[in-house]
Trainee: 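Take a look at the following structure, please.
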Amino acid sequence: MAPAYHLILEGILILWIIRLLFSKTYKLHDTYKLTEREKEDLIEEWQPDLLVPPVSKDHSSLKYDVVSGPPSHKIIVNGKECINFASFNFLGLLDNERVKEKALMSLKKYGVGTCGPRGFYGTFDVHLELESRLAKFMKTEEAIIYSYGFATIASAIPAYSKRGDIIFVDEAACFAIQKGLQASRSFIKYFKHNDMEDLERLLKEQELEDQKNPRKARVTRKFIVVEGMYINTADICPLPELVKPLSSAVL
Amino acid sequence: MTDSPASKAAGYGGACPHARNGPRQERNGFPKSLRLCPREQNRDQDGEEGRAAPRHGAWCGRPVGESFEETPMLVAVLTYVGYGILTVFGYLRDFLRHWKIERCHIAREKEEQKDFVPLYQDFENFYTRNLYMRIRDNWNRPICSVPGAKMDLMERVSHDYNWTFEYTGEVVKDVINLGSYNYLGFAENTGRCADAAAEVSVTYGVGVASTRQEIGNLDIHEEMEKLVAEFLGVESAMAFGMGFATNSMNIPALTGKGCLILSDELNHASLVLGARLSGSTVRVFKHNNMQNLERLLREAIVGGQPRTHRPWKKILIVVEGIYSMEGSIVRLPEVMALKKRYRAYLYLDEAHSIGALGPGGRGVVEYFGLDPRDVDVMMGTFTKSFGAAGGYIAGKRELIDYLRCHSHSAVYATSMSPPVVEQIITSVKCIMGDDGAITGRSRVRQLAHNTVYFRRRLREMGFIIYGNDDSPVVPMMLYMPAKIGAFGREMLRRNVGVVVVGFPATPIIESRARFCISAAHSRDLLDREEKNQTKKDDRSLDGEALAAISEVGDLLQLKYSRRRLQLTAPRPSDDAVYDDMDD
């Protein structure tokens with residue numbers, strides 16, 4: 001037979017539990033709940049910003065220069081004929097007759113649009129031929145083409161580099177690369193423009209980090225992104241130094 | 001909420017006749033049809049949508065249904081079992097590959113990169129290696145002709161179970177094309193549009209090699225933008241080179257930190273990417289569910305930004321005209337009413353609906369008879385209905401001026417190529433019927449007829465079809481993983497090219513075949529009921545599509561629907577209504 005105080009204690013505990021079960025819980029934010037009236041007032045009062053801020057009439061980029069006629073080495077801008085130092089027509093292929101002729105032939109065969117993405121009957125035999133020729137030209141195994149230049153690098157970077165990976169990028173990388181980096185959600189580390197010592201320093205720091213935490217390092221991919229020729233600074237990247245095996249870094 | 005604007009949208013008055021919530025309402029295969037008919041009630045109110053929208057309403061007065069029949073329970077269970085078996089086999093094959101019993105075809109790192117962290121973790125690619133690869137021959141099929149109503153496919157064979165393909169050099173001719181986005185049939189290499197594009201490619205060349213802000217703005221670009229603005233009925237428009245990039249580059253220019261984006265559950269990847277890149281807070285509302293949207297709006301305005309509770313700078317509601325995987329049409333009148341009540345901005349992505357809906361082909365705004373000036377940002381693409389490439393954004397002049405200065409695409413991306421621009425100009429002129437020709441009007445009408453007919457016939461046959469009755473995107477449910485591959489291959493054997501879609505574009509058990517109806521499909525291409533039966537080996541390539549679908553449906557037991565349509569007479573044609581319109 002248990003001592004009396006034991007029974008009394010248990011009895012009190014049971015009563016306490018019953019009380020807790022049946023009492024109303026005290027929610028802290030009950031005191032902060034708004035009434036319907038207050039909510040309606042808030043909704044009435046709220047004023048959004050304008051969808052777009054007003055653009056002044058003499059903004060430099062508002063009025064585009066109008067080019068009439070074909071853009072080749074001589075170009076008619078706003079009615080005046082000029083020598084063209086502005087287009088990216090490095091090899092002068094914009095007025096190549098052979099290119100135009102082939103384009104015309106393909107237009108007569110396929111029409112203008114592809115009417116679908118690559119996966120759903122939007123792959124033409126000319127796409128496949130272009131990809132195989134590009135691969136041969138660049139001496140690689142395979143190639144893939146995109147219909148929009150900007151989107152190429154901006155889609156390629158997030159395809160490989162995911163959250164948690166590390167990307168080392170030159171400071172002067174172009175806007176498309178920056179958008180790709182933003183879309184990839186990886187850690188971005190910038191190194192000074194064309195400065196290989198700075199890159200090596202960053203890589204060594206990363207290696208020390210890896211040694212501290214080898215398990216994480218085993219699943220973190222690392223990439224280096226450089227441009228062949230930088231549009232922002234007109235430099236060429238020092239590729240031979242980049243590719244030679246940097247002694248201590250594992251890329 | 002007693003006076004919720006969702007129930008008072010566009011003057012409905014008290015009780016709203018249609019179901020309130022989004023699609024997943026049905027139980028046991030009995031779909032709830034929604035009645036979308038804003039114009040009936042508006043007839044009594046004068047001058048409310050006083051613009052050129054037709055008064056006697058081409059799009060009202062008849063019940064338009066949107067239904068998403070629920071998955072039959074047995075089918076769902078069998079689908080999960082199917083995926084389970086595939087997973088087990090997948091593990092078995094991985095085991096064999098690991099122990100080198102089976103040859104491994106997947107991409108591996110080179111010898112000198114053996115120490116590198118692998119580019120793809122084994123588990124990430126499990127689905128690709130073991131499920132997708134088995135049925136890979138249904139996608140990326142190369143064609144070698146115009147992607148019109150009929151196309152020529154290049155024959156390809158695989159000797160190692162779809163890991164690599166070889167082209168035999170043979171061409172499968174005249175495959176009926178139910179997969180390309182060719183709603184108005186502008187994918188052609190002869191005719192007015194193609195001739196104009198050819199001429200321009202000779203005079204202007206094929207490339208521009210510069211951005212819009214620098215020296216890539218040709219006079220035809222300006223002409224095209226004016227034309228597009230006129231076509232849509234707004235003040236101003238701006239065009240970009242790629243439809244996907246239009247969304248992903250311009251939403252960041254419109255919103256930023258401190259703004260809220262309310263986006264539909266089933267929005268396209270470009271909208272999701274644009275919202276993510278903008279840096280705004282993104283909240284998702286259930287598909288086409290106006291109650292959910294209203295609740296989110298109220299909570300957002302009352303609560304403010306998370307943690308700081310500061311008021312939002314602006315709220316942007318992002319919806320699409322037609323959702324391409326479901327075939328549903330957005331509830332635009334209700335969204336407009338909500339947007340006006342809560343002072344939010346509306347971004348309408350009409351990638352599939354421009355050209356395909358509305359009596360004049362002007363998209364979902366015309367379909368509902370609303371005012372295009374009420375939509376803050378109208379976006380669309382030229383790829384689907386215009387047979388070209390690229391996208392546009394249209395709206396008020398201030399908006400377009402801002403985008404001209406600040407859009408990422410205008411600053412950094414090359415402008416559109418001249419033949420493409422000319423194709424857009426000619427096709428828009430054709431749809432507007434500028435030179436008195438009625439080809440544009442007749443295309444829109446043909447598309448509407450084809451859509452109604454095709455959907456009705458598929459329903460009668462007993463397939464489960466999702467979406468709105470007026471949408472030219474027709475998703476037909478397959479559910480089981482094996483049927484995805486089987487359907488694609490069987491249809492190709494019968495000379496019909498279809499698109500099948502599985503995970504991850506759709507939920508895992510809801511794989512489907514998606515048909516895209518085109519104005520170029522003549523009636524007898526879709527069905528051969530009028531033609532006499534021909535000999536078995538004299539394969540008449542006209543008029544096989546529906547018969548083939550029915551045949552394959554019987555073969556694969558795809559006729560899941562528990563609800564049989566009465567075989568009624570076809571709906572009264574809209575010819576009378578179209579002729580009376582005075583645009």
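Naming convention: chains lettered A, B, ... in sequence-line order (proteins, then strands); numbering from 1 in each chain. The basis for the numbers below is simple: all heavy atoms, side chains too, and nothing from hydrogens, waters or symmetry mates.
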Trainee: Which atoms of A:Glu44 come close to chain B, meaning under 4.5 Å heavy atom to heavy atom: side chain ones, backbone ones, both, or neither?
Mentor: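 Both parts, backbone and side chain.
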Trainee: So with a 6.0 Å cut-off around CD of A:Gln211, is the heavy-atom count from everything else above 12?
Mentor: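 Yes, because the 6.0 Å sphere around CD of A:Gln211 holds more than 12 heavy atoms from other groups.
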Trainee: Count the heavy atoms of every other residue, nucleotide or ligand shown that sit under 6.0 Å from NZ of A:Lys162, and state whether that count exceeds 12.
Mentor: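 More than 12 heavy atoms, drawn from other residues, nucleotides or ligands, come within 6.0 Å of this atom.
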Trainee: Are the charged groups of B:Glu188 and A:Lys108 less than 4.0 angstrom apart, N to O?
Mentor: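 No, B:Glu188 and A:Lys108 are not salt-bridged.
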Trainee: With rounding to the nearest 0.5 Å, note down the distance linking OH in B:Tyr204 to OG in A:Ser68.
Mentor: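 If we round to the nearest 0.5 Å, B:Tyr204:OH and A:Ser68:OG are 7.0 Å apart.
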Trainee: Tell me which of these, B:Thr383, B:Leu403, B:Asp401, has more heavy-atom pairs under 4.5 Å with chain A than the rest.
Mentor: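 The option with the most such pairs is B:Asp401.
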Trainee: Rounded to the nearest 0.5 Å, what separation is found between the CZ atom of A:Arg221 and the CZ atom of B:Phe116?
Mentor: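 Output value for this atom pair is 13.5 Å.
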Trainee: Given the options B:Ala253, B:Cys516, B:Ala198, B:Ser417, which has more heavy-atom pairs under 4.5 Å with chain A than any of the others?
Mentor: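 With the most close heavy-atom pairs to chain A, the winner is B:Ala198.
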Trainee: With no hydrogens and no angle check, is any side-chain donor or acceptor of A:Arg118 less than 3.5 Å from a backbone partner on B:Trp139?
Mentor: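 Flag not set: sc A:Arg118 to bb B:Trp139 has no pair under 3.5 Å.
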Trainee: Taking atom NZ of A:Lys216 as the centre, does the number of heavy atoms from other residues, nucleotides or ligands within less than 6.0 Å exceed 12?
Mentor: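 It does not: A:Lys216 NZ has 12 such atoms or fewer within range.
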Trainee: Sort by residue number and list every member of residues 215-223 of chain B having a non-hydrogen atom under 4.5 Å from chain A.
Mentor: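 The stretch touches chain A at B:Ile215, B:Asn217, B:Leu218, B:Asp219, B:Glu222.
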Trainee: Please assess A:Ile43 against B:Val302 for the test side chain to side chain contact (heavy atoms under 4.5 Å, CB included), listing each intermediate value before the final yes or no.
Mentor: CA-CA 6 Å; A:Ile43 292 174; B:Val302 165; 4.0 Å; yes
Trainee: Measuring from A:Phe150:CZ to B:Met242:CE, what's the distance to the nearest 0.5 Å?
Mentor: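 Separation between the atoms: 11.0 Å.
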Trainee: Are B:Pro419 and A:Leu107 close enough that some pair of their side-chain heavy atoms sits under 4.5 Å apart?
Mentor: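 With C-beta onward as the side chain, the pair touches.
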Trainee: Given a strict heavy-atom distance threshold of 4.5 Å, which part of A:Thr114 is in contact with chain B: side chain, backbone, both, or neither?
Mentor: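 A:Thr114 touches chain B through backbone heavy atoms alone.
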Trainee: Where on B:Leu254 is there a heavy atom nearer than 4.5 Å to chain A: the side chain, the backbone, both, or neither?
Mentor: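 When you check distances to chain A, atoms from both the backbone and side chain of B:Leu254 fall under 4.5 Å.
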Trainee: Could you tell me if the side chain of A:Leu128 sits less than 4.5 Å from the side chain of B:Tyr167, heavy atoms only?
Mentor: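 Of all side-chain heavy-atom pairs linking A:Leu128 with B:Tyr167, at least one is under 4.5 Å.
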Trainee: Looking only at heavy atoms, which two atoms of B:Cys405 and A:Val55 are closest? And how far apart?
Mentor: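 B:Cys405 and A:Val55 have their closest heavy atoms at SG-CG1, 3.9 Å.
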Trainee: Using a cut-off of under 4.5 Å on heavy-atom pairs, state which of A:Asp165, A:Leu50, A:Val126 scores highest against chain B.
Mentor: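 Result: the option with the highest number of such pairs is A:Leu50.
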Trainee: Could you check which of B:Met249, B:Lys384, B:Lys396 has the highest count of heavy-atom pairs closer than 4.5 Å to chain A?
Mentor: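 The option with the most such pairs is B:Met249.
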Trainee: Given heavy-atom pairs under 4.5 angstrom as the criterion, report whether the side chain, backbone, both or neither of A:Val112 touches chain B.
Mentor: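 Interface part for A:Val112: both.
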Trainee: Of the listed residues (A:Val219, A:Asp41, A:Asp95, A:Val77), which shares the most heavy-atom pairs with chain B below a 4.5 Å separation?
Mentor: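 That would be A:Val219.
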Trainee: Which one, B:His408, B:Arg343, B:Glu398, leads in non-hydrogen pairs under 4.5 Å with chain A?
Mentor: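 Option with the greatest count: B:Arg343.
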Trainee: Quick one: do B:Arg276 and A:Gln182 satisfy side chain to side chain contact (heavy atoms under 4.5 Å, CB included)? Show the steps, please.
Mentor: CA-CA 9 Å; B:Arg276 199 155 63 82; A:Gln182 195 185 348; over 6 Å; no
Trainee: Report the C-alpha distance between B:Lys314 and A:Gln47 in whole Å, list the side-chain angles of each, state the deciding distance to 0.1 Å, and finish with yes or no for side chain to side chain contact (heavy atoms under 4.5 Å, CB included).
Mentor: CA-CA 8 Å; B:Lys314 44 188 159 200; A:Gln47 286 296 335; over 6 Å; no
Trainee: Counting heavy-atom pairs under 4.5 Å to chain A, which of B:Cys259, B:Gly390, B:Gly387 comes out on top?
Mentor: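 Most pairs with chain A among the choices: B:Gly387.
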Trainee: Does any backbone or side-chain atom of A:Tyr146 lie under 4.5 Å from a heavy atom of chain B? Answer side chain, backbone, both or neither.
Mentor: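 For A:Tyr146, there is no contact with chain B at all, as no heavy atom is under 4.5 Å.
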Trainee: So, taking the atom named CD1 in B:Ile301 and the one named CD in A:Glu45, what distance separates them when rounded to the nearest 0.5 Å?
Mentor: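 Rounded to the nearest 0.5 Å, the CD1-CD separation comes to 11.5 Å.
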Trainee: Contact part of A:Thr220 toward chain B, heavy-atom cut-off under 4.5 Å: side chain, backbone, both or neither?
Mentor: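 Contact with chain B involves the backbone of A:Thr220 alone.
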Trainee: Tell me, side chain or backbone of A:Ile76 under 4.5 Å from chain B's heavy atoms, or both, or neither?
Mentor: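 Neither part; nothing is under 4.5 Å.
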Trainee: Need one label for B:Thr203: side chain, backbone, both or neither, based on atoms under 4.5 Å from any heavy atom in chain A.
Mentor: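 B:Thr203 touches chain A through backbone heavy atoms alone.
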Trainee: Looking at A:Pro158, A:Pro117, A:Cys174, which has the largest count of heavy-atom pairs under 4.5 Å with chain B?
Mentor: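 Top option by heavy-atom pairs under 4.5 Å: A:Pro117.
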Trainee: How about A:Phe124 and B:Cys144: do any of their side-chain heavy atoms sit closer than 4.5 Å?
Mentor: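 Of all side-chain heavy-atom pairs linking B:Cys144 with A:Phe124, none is under 4.5 Å.
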Trainee: Do the side chains of A:Asp125 and B:Pro142 get nearer than 4.5 Å, heavy atoms only?
Mentor: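 Answer no - side chains too far apart.
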Trainee: Select one option (side chain, backbone, both, neither) describing which atoms of B:Ala389 are under 4.5 Å from chain A's heavy atoms.
Mentor: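 For B:Ala389, there is no contact with chain A at all, as no heavy atom is under 4.5 Å.
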Trainee: Report yes if the side chains of B:Phe244 and A:Tyr148 come closer than 4.5 Å at any heavy-atom pair, otherwise no.
Mentor: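 No, their side chains stay 4.5 Å or more apart.
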Trainee: How close do B:Pro147 and A:Gly113 get, counting heavy atoms only, and between which atoms?
Mentor: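 Taking every non-hydrogen atom into account, CG-O, 4.0 Å.
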Trainee: Does A:Phe187 CZ have over 12 foreign heavy atoms under 6.0 Å away?
Mentor: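 It does not: A:Phe187 CZ has 12 such atoms or fewer within range.
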Trainee: Rounded to the nearest 0.5 Å, what separation is found between the CG atom of A:Asp65 and the CZ atom of B:Arg212?
Mentor: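 That separation rounds to 11.5 Å.
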Trainee: Give a yes or no on whether the backbone of B:Trp312 and the side-chain of A:Trp46 come within a donor-acceptor separation of less than 3.5 Å.
Mentor: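 The answer is yes, because a donor-acceptor pair under 3.5 Å joins these two groups.
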Trainee: Please give me the minimum heavy-atom distance between A:Gly111 and B:Val146, naming the atom from each residue.
Mentor: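 Closest approach of A:Gly111 to B:Val146: N-CG2, 4.3 Å.
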Trainee: For A:Ala154, is it the side chain, the backbone, both, or neither that has a heavy atom closer than 4.5 Å to a heavy atom of chain B?
Mentor: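 Contact with chain B is absent: no heavy atom of A:Ala154 under 4.5 Å.
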Trainee: How close do A:Phe120 and B:Val500 get, counting heavy atoms only, and between which atoms?
Mentor: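 Of all heavy-atom pairs spanning A:Phe120 and B:Val500, the closest is CE2-O, 4.4 Å.
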Trainee: May I ask you to name which of A:Asn89, A:Leu51, A:Leu62 has the most heavy-atom pairs under 4.5 Å with chain B?
Mentor: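 Most heavy-atom pairs within the cutoff with chain B belong to A:Leu51.
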Trainee: Side chains of A:Tyr110 and B:Ser145: closer than 4.5 Å at any heavy-atom pair?
Mentor: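 The answer is no, as the side chains (C-beta and beyond) never meet within the 4.5 Å cut-off.
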Trainee: Taking A:Pro48, A:Pro54, A:Ser161, A:Gly149 one by one, which has the highest count of heavy-atom pairs under 4.5 Å against chain B?
Mentor: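 Between A:Pro48, A:Pro54, A:Ser161, A:Gly149, the count favours A:Pro48.
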Trainee: Could you check whether A:Tyr121 and B:Arg141, counting side-chain N and O atoms only, form a donor-acceptor pair closer than 3.5 Å?
Mentor: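 Judged by distance alone, the side chains do pair up.
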Trainee: Take atom CD1 of A:Ile231 as the centre, draw a 6.0 Å sphere, and report whether it contains more than 12 heavy atoms from other residues, nucleotides or ligands.
Mentor: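 Not buried by this count: 12 neighbours or fewer within 6.0 Å.
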Trainee: So, are B:Glu299 and A:Lys39 salt-bridged, with charged N and O less than 4.0 Å apart?
Mentor: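 Looking at B:Glu299 and A:Lys39, the cut-off is not met.
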Trainee: Between A:Ser87, A:Gly122, A:Ala176, which residue shows the highest count of heavy-atom pairs closer than 4.5 Å to chain B?
Mentor: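 With the most close heavy-atom pairs to chain B, the winner is A:Ser87.
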Trainee: Is A:Ala183 close to chain B through its backbone or its side chain, or both, or neither, when contacts mean heavy atoms under 4.5 Å?
Mentor: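 When you check distances to chain B, atoms from both the backbone and side chain of A:Ala183 fall under 4.5 Å.
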Trainee: Nearest heavy-atom pair of B:Ala187 and A:Cys115: which atoms, and what distance?
Mentor: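 B:Ala187 and A:Cys115 have their closest heavy atoms at CB-SG, 3.6 Å.
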Trainee: Would you mind checking which part of B:Val498 comes under 4.5 Å of any heavy atom in chain A, side chain (CB onward), backbone (N, CA, C, O), both or neither?
Mentor: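 Answer is backbone: N, CA, C or O of B:Val498 sit under 4.5 Å from chain A.
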Trainee: In Å and rounded to the nearest 0.5 Å, what is the NE2 to CZ distance from A:His59 to B:Arg404?
Mentor: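 Here the rounded value is 13.5 Å.
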Trainee: Relative to chain A, which segment of B:Tyr402 carries a heavy atom at a distance below 4.5 Å: side chain, backbone, both, or neither?
Mentor: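 When you check distances to chain A, atoms from both the backbone and side chain of B:Tyr402 fall under 4.5 Å.
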Trainee: Would you name the heavy atoms of A:Lys179 and B:Leu277 that are closest together and state the gap between them?
Mentor: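 Residues A:Lys179 and B:Leu277, closest heavy atoms: O-CD2, 4.1 Å.
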